[in-house]
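Here's the structure, in structure tokens; my notes come after.
Everything quoted here is computed from the prediction, not taken from an experiment. Basis for what follows: all heavy atoms, side chains included, without hydrogens, waters or symmetry-related copies.
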Number of protein chains: 2
Amino acid sequence: MPRRTDVKPHQSQSEPTILDVARKARVSKSLVSMVIRGEDGVSAKNREAVRQAIEELNYRPNVIARSLVQRRTRMLGVMISDLRNPFFGDVVSGIQMRAADLGYRVLFNTGDRVPNLEEAAIESLLELRVDGLILAAPRVDDTIIERACRAVPVVVLNRDTSATCSDSVTNDNLAGASLAVEHCASLGHTRIAHIDGGTGAGANVRREGYLAAMQRLGLAANVLTVEGGFTENGGYQAARELLKQFPLPTAIFAANDVSAIGALKALEEAGLRTPGDVSVVGYDNTSLAALPQISLTSVQQFGADIGRLGMECIFERIEGRRSTPRHEVVAPTLVVRTSTGPAPVGAHGHR
Amino acid sequence: MPRRTDVKPHQSQSEPTILDVARKARVSKSLVSMVIRGEDGVSAKNREAVRQAIEELNYRPNVIARSLVQRRTRMLGVMISDLRNPFFGDVVSGIQMRAADLGYRVLFNTGDRVPNLEEAAIESLLELRVDGLILAAPRVDDTIIERACRAVPVVVLNRDTSATCSDSVTNDNLAGASLAVEHCASLGHTRIAHIDGGTGAGANVRREGYLAAMQRLGLAANVLTVEGGFTENGGYQAARELLKQFPLPTAIFAANDVSAIGALKALEEAGLRTPGDVSVVGYDNTSLAALPQISLTSVQQFGADIGRLGMECIFERIEGRRSTPRHEVVAPTLVVRTSTGPAPVGAHGHR
DNA sequence: ACTTCAAGCTGGAACGTTCCAAAGGACGCC
DNA sequence: GGCGTCCTTTGGAACGTTCCAGCTTGAAGT
């Protein structure tokens, strides 16, 4: 195959450095550095000369070089388990806003909910020497988290971890699940099924919350759980599974909004009315749930707050203001919409 | 306020370097470097010794230092105009996948649709010396884009730019708008209004496409445009504006899905049926449009493909395989769902 | 036995910053 | 005039890699 002769890399000229600026402004590189960093103790005359040289040369400080000598990057690594789930959009936006305030850059990454890929994503962030790591609902093993903690402050969002080294911000999944179940029960439902999140982060606690609430309400005999894996299709399949049951559940509590929407689709396809025949509750209260056409009753999780809190945890540790773990739990609330309603009157309980 | 004495930064010990590894394996740092980079020409014995020393020390290569000497970071900067819009989720995922294949990391950033913030976001990526820049529907001025081009290869997604230095990947907005309008017309609609994207990227071309199609179909007299700004609330407000018109439009072509959904909400609130009274078409065919409860007819834009193509453009230029601009246009298609239907029979056209 | 060669390995010079100790200059004071 | 003090400025040493030229060693070729 005819190979073109090696072409030089894109850069037409190598970019100007601090030395070029210094030469042009007729001062030392140190002085230029001071101006760039906004230190005082520089004469007005020289400051202006430097400023102008920078302008003329179109100089841009090299953050890489700075990071090397300072041994900090002012960058935060964020590993998001699922970029498509709008809940994480909220989380990210909370992180970003707070990070910008605090003068940090944010580097995103994802492993697409695959543990191995997530591990690689984390490793890759660590190689970049991020100053801190935020893991949003990671699916990796606790040992991976502990390993990361040895290098850098870590905060885990929305996932319970036995790793003692990291901070965490979660919502109270137990309470949230209770809210959902109790809401259904208060509407007269007794056969309340759960579409769970499988191995996903937080899924187990929500499942436990569901079980505990059912028990507390004396509905232990009606417990019914199908795996939905936190995805729309998972929720869809799970709901189809539930529809094979007899008697049918009259309410479904899905472990997140996305899977709840999958369930809604399955119900509609089966010709069942929501909430007439089956009520559905989601979790996360994403923008999806709020869409008037969907109007999904959902447990509100305040993703942006979670992101913001996570950012604050990291910041405290980076600044060295704290070295003991902090575990923040935000309380969920229930947002009632039109996907839930009274249990159908003809529903013959089988208790 | 009682101030704690300055605590040392988090790092308990500074991390091991290549030199520590070299000492432990009793070889030179150069040899270690070779092993890390997977070069051959290293004896099996030493390779193994190094591998083991790395393991024992828990050594992690410092990408920062490497980038400095190599003067390339293998990082790509991506500036996304709107993280909340699921269309960009598709784009991002296309970029990420291809980037991972090609061995690049991706650094995201956003300016939240505010030109000044977007400019700062771009600048911040350039300071990090990313090897290339992908701008997804940026709202910044062309001069900013040109400035960025001087430093690094740039590709602009989904936005027409007069900047001649950058590559671009767009979908054919003109054709897409035609598809939407013609679809409505073929269903018998004559009063077809447009909710446009205001100053957003690509908005003007879609508007032109709308105007041209209306003209072509002899409906120039019925042209009606309201600004929706590409957001859900914008679409909602715009639709309320449209509802003040008499006679009412029987079809609305919104410049993107998100604003179309806002419009749907306004219609529903006004007690109008979709598509019975008013048909609605969106643009982007995001996952939102596909939700069965929304079922929005929409112009499909293949966000993942656009991201992937953008990534490929950048890669070609980084590798120096090309230095002339490439402008890729992907053809949109129409996905018909249930938000569009025949024009209402009683609709008295005023032509 | 002498040269040639390749394979394996090595130390030093970059890369573009920041940080620090110290130099220089201006000024006032004794 | 010498000295201390303050403000401003400076050069050199890091930071942790990669790259390169050159060193050793031993085997093959003549």
With a 4.5 Å heavy-atom cut-off, do [X] and [Y] have their side chains touching?
X: R129(B); Y: E15(A); result: yes
X: Q96(B); Y: F108(B); result: yes
X: I64(B); Y: T73(A); result: yes

Would you call [X] and [Y] a salt bridge, taking side-chain N to carboxylate O under 4.0 Å as the test?
X: E146(B); Y: R150(B); value: no
X: R51(A); Y: E56(A); value: no
X: R113(A); Y: D82(A); value: yes

>> If I compare all heavy atoms of Y59(A) with all of P16(A), which pair ends up nearest, and what's the gap?
In response: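 Looking at all heavy atoms of both residues, the closest pair is CD1-O, 3.3 Å.
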
How long is the line joining [atom1] of [X] and [atom2] of [N], in whole Å?
X: I64(B); N: dT17(C); atom1: CD1; atom2: C1'; value: 12 Å
X: I36(B); N: dG16(D); atom1: CD1; atom2: P; value: 13 Å
X: E39(B); N: dC9(C); atom1: CD; atom2: P; value: 13 Å
X: D40(A); N: dT9(D); atom1: CG; atom2: P; value: 12 Å
X: N62(A); N: dG16(C); atom1: CG; atom2: C1'; value: 6 Å
X: R74(A); N: dT18(C); atom1: CZ; atom2: P; value: 13 Å
X: R66(B); N: dT17(C); atom1: CZ; atom2: P; value: 21 Å
X: R72(A); N: dT17(C); atom1: CZ; atom2: P; value: 19 Å

> On DNA chain C, nearest-nucleotide positions of P61(A) versus G41(B): which is more 5'?
Replying inline: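 Residue closer to the 5' terminus by nearest nucleotide: G41(B).
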
> OP1 or OP2 of dT8(D) sitting under 4.0 Å from any side-chain N/O of S43(A)?
Replying inline: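 So the side chain of S43(A) is outside the cut-off, no N or O lying under 4.0 Å from OP1 or OP2 of dT8(D).
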
> Counting just side-chain N and O atoms, does R37(A) come under 4.0 Å of either OP1 or OP2 of dT17(C)?
Replying inline: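 So the side chain of R37(A) is outside the cut-off, no N or O lying under 4.0 Å from OP1 or OP2 of dT17(C).
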
> Do you see a donor-acceptor pair shorter than 3.5 Å between the side chains of S124(A) and R105(B)?
Replying inline: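 Per modelled atom types, S124(A) and R105(B) side chains form a pair under 3.5 Å.
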
Pairwise N/O distances under 3.5 Å, protein to nucleotides 10-15 of chain D:
from, atom 1, to, atom 2, distance (Å)
dT10(D), OP2, S28(A), N, 2.8
dT10(D), OP2, S28(A), OG, 3.1
dG11(D), N7, S30(A), OG, 3.0
dG11(D), O6, S30(A), OG, 2.5
dG12(D), N7, K29(A), NZ, 3.2
dG12(D), O6, K29(A), NZ, 2.5
dC15(D), O2, V69(A), N, 3.4

>> What contact category does V42(A) fall into here, base, sugar-phosphate, or nothing, at under 4.0 angstrom with non-hydrogen atoms?
In response: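 Sugar-phosphate, backbone atoms only, no base.
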
> Using rotation axes that map the C1' atoms of four end pairs onto the next four (five pairs an end), what angle separates the end axes of the helix from dA1(C)-dT30(D) to dC30(C)-dG1(D), to 10°?
Replying inline: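 The helix from dA1(C)-dT30(D) to dC30(C)-dG1(D) shows an end-to-end axis angle of 60°.
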
> Got a sec, which pairs hit salt bridge (charged side-chain N to carboxylate O under 4.0 Å, His left out) with one end in residues 25-41 of chain B, sequence neighbours left out?
Replying inline: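 Matches after skipping sequence neighbours: R37(B)-E39(B).
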
